[in-house]
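For ligands, and for the atoms within them, numbers begin at 1 and follow the listed sequence. All heavy atoms count here, side chains included; hydrogens, waters and symmetry mates do not.
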Amino acid sequence: MSQAFSEGDASATPSRKVFVKTYGCQMNVYDSQRMTDALAADGYVATEAMEEADLVLLNTCHIREKAAEKVYSELGRIREIKRERERTGAEMLIGVTGCVAQAEGREIIRRAPVVDLVIGPQTYHRLPDALRKARVGEKTVDTDYAVEDKFEHLPQPKSAEIARRGVTAFLSVQEGCDKFCTFCVVPYTRGAEVSRPVSQILAEAERLVAAGMREITLLGQNVNAWRAEGPDGKDWGLGRLLFRLADIPGLARLRYTTSHPRDMDDELIAAHRDLCSLMPYLHLPVQAGSDRILKAMNRRHKAADYLALIERIRTARPDIAMSGDFIVGFPGETDEDFEATLNIVREVGYAQAFSFKYSPRPGTPGAEMKDHVPETLKDERLQRLQALLAEQQHAFTQSRVGMRFDVLIDKPGRRAGQKAGRSPWLQPVIIDERAGEIGDIIPVRITRTEASTLFAETL
Ligand code: 5AD
Ligand code: SF4
């Protein structure tokens, strides 16, 4: 492995500052951290203030139309800040990374000439090179699907830097998607499914735990499609990987996201049954409840398959909290189709969910379909769906009152005298600050709720 910045390396002089703004999903949060690590080797330290940054990176999301438009308006604002900085003689380089970079490429520099570099999600290990060029006035647009493995080329963060990030970490194990749901840009922006090798994942997880991480969330656009050869020479799936990760001493909690119903295999369900460190929470998007719409979306399963799957998962792990994603107003969606979505929500009972109006994405089959649903109807349907999901989320939160369970303390509370943690089902839990230290896992009893936050007393 090429290790550009090793533990204890004192040669880099941290003279420049980088401000990274992250849009979109958790994988972008992870990628932003890895980019920050790559830049640390180049002498950059992270800053929270854009005004004092020598380099501004927007790590972007392209999943819905508004996300991309937000990037262009942010670039307009940054241009003004750059002008201010230049008046004082300071430099400010500007980079766009992530999925908008991948999808729009050179178009970004055409629309926003202030941008110095455009780098897609598969090549951000080449960022230091692009910066060297930018400093001599040469712009870079790099949206290749790199042949080399970016993870092999990325420097590891120092353990002090990992520790600064808290006690919960993301770890990307899989990227890209081969499912081609007809509404989705991911197969185009993130490319084909790629799984990281077991040895790389274990080394990264062990490193995180050694630096004090108590919880790791495995990430992938289609995380449960992860497959690789295990050290035993056998083909491992995500379930097997979770069993192995659960053996790492000190790693108290495991999670993974996002999954596709088609890839929930028996071993993964067994992991939910057998591993107490695998948290009872599953984000398993169904998107819609009508078989006709599921087919048009190319989801490759029917509503009944999804319900049968949830039943198997709940048999294995009865207290599991379900989370999902939903799209309303996919082309051709009738009132009856929409009712079927409400019905599947009622049948499952979600603890938490994300719901969106369908947004046509250029280049995806959905955008070319006929019978687009009028915006006002999408609004109306989204409101109804969100009201139902909010009711279910409220019921789930309420049902925790009086329960006893373990909480991982992960940060100081917002108010004086408090600390905050997470329940096994991912709700924030507020406790007295003397209840324990950050990183401790302590038993509590829930006394009351406020919106989706739980308040607890220690036992
Ligand atoms: N329009 C609306 N929502 C979308 N999603 C993905 N593509 C689109 C789109 N074109 C939603 C899906 C997915 C989540 C990450 O974003 O629900 O699961
Ligand atoms: Fe997009 Fe997920 Fe479908 Fe892949 S499985 S195309 S990432 S919605």
When the side chains of residues 269-278 are checked against the rest of the protein, which donor-acceptor pairs come out under 3.5 Å, sequence neighbours left out?
from   : atom 1 : to     : atom 2 : distance (Å)
His272 : NE2    : Tyr256 : OH     : 2.6

query: Is there a donor-acceptor contact under 3.5 Å linking the side chains of Tyr188 and Gln102?
result: no
Shortest non-hydrogen contact from Phe19 toward Ala53: CB-CB, 3.7 Å
message: Could you tell me if Thr97 and Asn59 have a donor-acceptor pair between their side chains, going purely by distance under 3.5 Å?
response: yes
Arg190 heavy atom under 4.0 Å from ligand 2: no
query: Quick one: does Thr397's side chain have a donor or acceptor within less than 3.5 Å of a partner on Ala451's backbone?
result: no
- request: Using a cut-off of 2.8 Å, find all protein N, O or S atoms closer to atom 1 (Fe) of ligand 2 than that distance.
  value: Cys184 SG
- line: Nearest heavy-atom approach of Pro285 to Arg299 is O-NH2, 3.0 Å
message: Looking at Ser172, is its backbone amide N or carbonyl O close enough to the side chain of Arg196 to form a donor-acceptor pair, meaning the two atoms are under 3.5 Å apart?
response: yes
- request: For ligand 1, list the protein residues that place a heavy atom within a distance below 4.0 Å of one of its atoms, sorted by chain and number.
  value: Ile63, Arg64, Phe183, Gln287, Asp325, Ile327, Phe356, Lys357, Tyr358, Ser359, Arg361
- prompt: For Asp266, what residues pass the salt bridge (charged side-chain N to carboxylate O under 4.0 Å, His left out) criterion, not counting sequence neighbours?
  reply: Arg312
task: For His260, take its heavy atoms, then give the atoms of ligand 2 lying under 4.0 Å from any of them.
output: 5 (S)
- request: Would you please say whether a donor-acceptor pair under 3.5 Å links the side chains of Ser355 and Gln386?
  value: yes
task: Check whether the side chains of Gln352 and Ser323 place a donor and an acceptor atom closer than 3.5 Å, and report yes or no.
output: yes
